[in-house]
Amino acid sequence: VLQTFEVPILLIVIFEITYLVHKRRSVNFCGMYFDEGVRIKNTAFMSCMLRNSIRTLATFLLVMGLIVNFDFIKSGTSVDELAGRAGWWALSREDWSSRLHLL
């Protein structure tokens, strides 16, 4: 379960660190303009949208990871029945025409 937190946390941390570095250096970053370490007023909307979109994406990735890891989406078959039924092993053991969609 801890693996599901890695990508969202890295996404947020990397974005926030680059945002703060660009803000500190007073250079442009993703359409946001800084002047002496302060955002210019006309880019406040862009900054809000960009920062919240990254947070929304990270939240979405976290929720999807938790759904997959906790198997909230139930299927009619068990995992043991599906083991070894796909991939290259199935192509070598069975009729090619029935498994051609795996390529």
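- In this structure, Ile14 CD1 and Ile54 CD1 are separated by 10.5 Å, a value rounded to the nearest 0.5 Å.
- Nearest approach of Ala58 to Pro8, heavy atoms of both residues: O-CB, 3.4 Å.
- Both Leu50 and Leu57 belong to a common hydrophobic cluster when Ile, Leu, Val, Met, Phe, Trp and Tyr are linked at side-chain heavy-atom distances under 4.5 angstrom.
- Residue Phe60 is not grouped with residue Ile9 when hydrophobic side chains (ILVMFWY) are merged at heavy-atom distances under 4.5 angstrom, including chains of intermediate members.
- No option in Ile17, Leu10, Leu11 other than Ile17 meets the side-chain contact (heavy atoms from CB on, under 4.5 Å) test with Val13.
- Because its NZ or CZ atom is both nearer than 6.0 Å to the ring centre of Tyr19 and within 45° of the ring axis, Arg51 counts as a cation-pi partner of that residue.
- In the hydrophobic clustering, where aliphatic and aromatic side chains (Ile, Leu, Val, Met, Phe, Trp, Tyr) are joined below 4.5 Å either directly or transitively, Leu2 stands alone.
- Nearest heavy-atom pair, Val7 versus Leu61, reported as atom, atom and distance to 0.1 Å: CG1-CD1, 4.0 Å.
- Results of the side-chain contact (heavy atoms from CB on, under 4.5 Å) test with Thr4 over Leu62, Ile67, Val63 single out Leu62 as the only residue that passes.
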